[in-house]
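The block underneath contains the structure these notes are about, expressed in structure tokens.
Count residues from 1 along the sequence.
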Amino acid sequence: QVHLVESGGGLVQTGDSLRLSCGASGGAARSYAVAWFRQAPGKEREIVAGISYNGGSTYYADSAKGRFTISRDNAKNTVYLQMNSLKPEDTAVYYCASHVSLKLVPFEYEYWGQGTQVTVSS
């Protein structure tokens, strides 16, 4: 069993930056891949970025490329999502999720955090 807790969301303005954190505990958390998903009101949950258990592989959605960076510190059991040049369309609840390998769709992930709200004002 892996327990995930997100933090770092908030209300920012267009062009600002935020760093989200996903703390993991339980099981062999550092042996799991982690992905960040987001869900805006009325929209489906979509992947933003993902990272393999050792950081050797990463994935970014087109909307995140060039602006967001995913990283992990296994000594701290924490995965980060650095978000720069934020836009109003980035407004959503952001979730981290964990699985034994890096997947791109939500239903592949069995462990989820509670989510953190990111709101970008124009």
Side-chain angles (χ1 to χ4, degrees):
Q1 188 79 7
V2 176
H3 183 60
L4 303 173
V5 179
E6 303 98 335
S7 61
L11 172 63
V12 297
Q13 296 184 332
T14 298
D16 285 350
S17 298
L18 276 176
R19 188 177 78 160
L20 305 183
S21 298
C22 174
S25 62
R30 64 186 63 187
S31 299
Y32 282 64
V34 174
W36 286 96
F37 289 83
R38 67 186 182 187
Q39 188 165 19
K43 295 189 176 181
E44 293 187 352
R45 192 168 297 190
E46 62 178 4
I47 190 168
V48 176
I51 190 166
S52 61
Y53 77 100
N54 63 356
S57 296
T58 56
Y59 170 85
Y60 294 96
D62 287 344
S63 59
K65 288 178 182 176
R67 298 189 301 129
F68 296 1
T69 302
I70 191 169
S71 62
R72 68 188 300 158
D73 183 344
N74 280 348
K76 297 181 178 180
N77 283 341
T78 302
V79 172
Y80 304 99
L81 184 67
Q82 177 67 43
M83 304 188 295
N84 299 328
S85 302
L86 283 163
K87 306 174 182 180
E89 50 264 44
D90 294 317
T91 295
V93 177
Y94 284 70
Y95 301 89
C96 63
S98 185
H99 184 64
V100 292
S101 59
L102 184 56
K103 302 292 185 180
L104 304 186
V105 292
F107 71 82
E108 296 275 14
Y109 287 83
E110 62 267 50
Y111 303 114
W112 290 85
Q114 82 288 350
T116 186
Q117 176 70 47
V118 172
T119 303
V120 185
S121 64
S122 57

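Between K103 atom NZ and I47 atom CD1 the span is 11.5 Å, to the nearest 0.5 Å. Taken from CZ in F68 to OG in S85, the straight-line distance is 9.0 Å, to the nearest 0.5 Å. How far CD1 of I70 is from OG1 of T58: 8.0 Å, rounded to the nearest 0.5 Å. Note: H3 NE2 to Q114 CD = 7.5 Å, rounded to the nearest 0.5 Å.
Connection of V48 to L102 is not established within any shared hydrophobic cluster, with ILVMFWY side chains joined at heavy-atom distances below 4.5 Å, either directly or through further cluster members. In this structure, V2 is a member of the same hydrophobic cluster as V100, with clusters built from ILVMFWY side-chain heavy atoms closer than 4.5 Å. Residues L81 and V12 are members of one and the same hydrophobic cluster, defined by side-chain heavy-atom contacts under 4.5 angstrom among Ile, Leu, Val, Met, Phe, Trp and Tyr. Hydrophobic clustering (side-chain heavy atoms under 4.5 Å, transitive across Ile, Leu, Val, Met, Phe, Trp, Tyr) keeps V79 apart from W112. Grouping the Ile, Leu, Val, Met, Phe, Trp and Tyr side chains by contacts below 4.5 angstrom, directly or via other members, places I51 apart from Y109.
Contact annotation: the side chain of Y60 approaches that of T69 to within less than 4.5 Å [non-hydrogen atoms, C-beta and beyond]. The shortest side-chain heavy-atom distance between M83 and V118 falls under the 4.5 Å cut-off. Using a 4.5 Å cut-off on side-chain heavy atoms (C-beta onward), L4 and S98 make contact. Here the side chains of N77 and S25 are not in contact, with every heavy-atom distance at 4.5 Å or above.
Shown here for R67 and L86, the closest heavy-atom pair between the two residues is NH1-CA, 3.9 Å. Counting all heavy atoms, side chain and backbone alike, R72 lies closest to V34 at NH1-N, 4.1 Å. The minimum heavy-atom distance linking S52 with G56 is given by the pair OG-N, 3.1 Å. When every heavy atom of A33 is checked against every heavy atom of S101, the shortest pair comes out as CB-C, 3.4 Å. Across every non-hydrogen atom of R38 and D90, the tightest pair is NH1-OD1, 2.9 Å. For the pair T91 and V120, the tightest heavy-atom approach, listed with the atom from each and the gap, is OG1-N, 2.9 Å.
Using the six-membered ring where Trp is involved, Y32 and Y111 have ring planes that are perpendicular, over 60° apart on the 30 and 60° scheme.
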Next on the checklist: Under the criterion side chain to side chain contact (heavy atoms under 4.5 Å, CB included), I'd like the reasoning laid out for E6 against L20: C-alpha separation, chi angles, the key distance, then a yes or no.
Outcome noted: CA-CA 7 Å; E6 303 98 335; L20 305 183; over 6 Å; no
Next on the checklist: As a quick check of understanding, evaluate salt bridge (Lys or Arg N to Asp or Glu O under 4.0 Å) for D62 and K65, giving each step before the final call.
Outcome noted: CA-CA 5 Å; D62 287 344; K65 288 178 182 176; 3.2 Å; yes
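A donor-acceptor contact shorter than 3.5 Å is absent between the side chain of S121 and the backbone of T14.
Within 6.0 Å of OH in Y53 there are 12 or fewer heavy atoms belonging to other residues, nucleotides or ligands. Other residues, nucleotides and ligands contribute at most 12 non-hydrogen atoms within 6.0 Å of the CD atom of Q13. In the displayed structure, E44 atom CD is contacted under 6.0 Å by at most 12 heavy atoms of other residues, nucleotides or ligands.
For the pair R45 and F37, the cation does not sit on the ring face, since its NZ or CZ is not both under 6.0 Å from the ring centre and inside 45° of the axis.
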